[in-house]
Amino acid sequence: MSFIFWIIIGLVAGAVAHRVLDSRGGFLGSLVVGLVGALVGGELAHIFRLNVTGGMVDQLLISTLGAILFLFAWKKVFG
């Protein structure tokens with residue numbers, strides 16, 4: 001997967017997470033939340049042994065769910 005594709009997936013996942021949890025986040029905030037969410041979601045998929053094929057839809061879904069989980073935990077801890 002190319003670096004640009006990874007950035008785009010992170011932006012979309014972060015933006016969706018901000019919308020779902022009704023929080024504020026600009027371009028950089030969405031990017032960070034999305035990329036951290038991709039790492040969290042990927043690790044959880046590995047732990048639960050989910051069969052993720054690596055397609056665009058799979059990566060977007062896993063990243064978005066991870067971003068929502070990360071942002072939820074962040075809001076509970078910091079504010």
Side-chain angles (χ1 to χ4, degrees):
M1 172 179 24
S2 73
F3 184 71
I4 301 297
F5 184 68
W6 193 50
I7 296 291
I8 292 170
I9 291 289
L11 281 171
V12 171
V16 170
H18 280 296
R19 278 283 189 206
V20 168
L21 295 176
D22 195 31
S23 67
R24 300 173 66 110
F27 179 81
L28 188 59
S30 292
L31 179 62
V32 169
V33 167
L35 293 178
V36 171
L39 295 172
V40 169
E43 193 61 34
L44 288 175
H46 177 73
I47 289 170
F48 291 118
R49 298 176 192 230
L50 298 177
N51 187 15
V52 179
T53 60
M56 185 178 76
V57 175
D58 291 345
Q59 290 179 359
L60 185 60
L61 183 64
I62 293 294
S63 298
T64 302
L65 292 175
I68 290 169
L69 181 64
F70 169 71
L71 193 57
F72 177 78
W74 182 272
K75 287 176 73 171
K76 289 294 182 187
V77 171
F78 294 107

K.L.:
Taking all heavy atoms of Leu35 and all of Trp6, pick out the closest pair and write down the distance.
P.N.:
CD2-O, 3.8 Å
K.L.:
Are Ile4 and Leu39 in one and the same hydrophobic cluster, where Ile, Leu, Val, Met, Phe, Trp and Tyr link if side-chain heavy atoms are under 4.5 Å apart?
P.N.:
no
K.L.:
Linking I/L/V/M/F/W/Y whenever any side-chain heavy atoms sit under 4.5 Å apart, do Leu11 and Val57 land together?
P.N.:
no
K.L.:
Below 3.5 Å, can you tabulate the donor-acceptor pairs from side chains in residues 14-28 to any protein atom, sequence neighbours excluded?
P.N.:
unit_1	atom_1	unit_2	atom_2	d
His18	ND1	Ser23	OG	2.7

K.L.:
Using the side-chain hydrogen bond (donor to acceptor under 3.5 Å, both in side chains) rule, collect all pairs that involve residues 67-77, keeping only residues at least two apart or in two chains.
P.N.:
none
K.L.:
Apply the hydrophobic cluster definition, ILVMFWY joined by side-chain contacts under 4.5 Å directly or through others, and give me every member besides Leu65.
P.N.:
Leu61
K.L.:
Check for me, please, whether Val77 and Phe70 land in the same ILVMFWY cluster - side-chain distances under 4.5 Å, paths through other members count.
P.N.:
yes
K.L.:
Just grab all the side-chain hydrogen bond (donor to acceptor under 3.5 Å, both in side chains) pairs involving residues 25-52, residues at least two apart or on different chains.
P.N.:
none
K.L.:
With sequence neighbours left out, write down each residue that passes side chain to side chain contact (heavy atoms under 4.5 Å, CB included) with Leu69, or none if nothing qualifies.
P.N.:
Val40, Leu44
K.L.:
Nearest 0.5 Å please: distance from the CG atom of Asp58 over to the CG atom of Leu50.
P.N.:
10.0 Å
K.L.:
Which atom names give the shortest non-hydrogen contact between Ala67 and Ala13, and what distance separates them?
P.N.:
CB-O, 3.9 Å
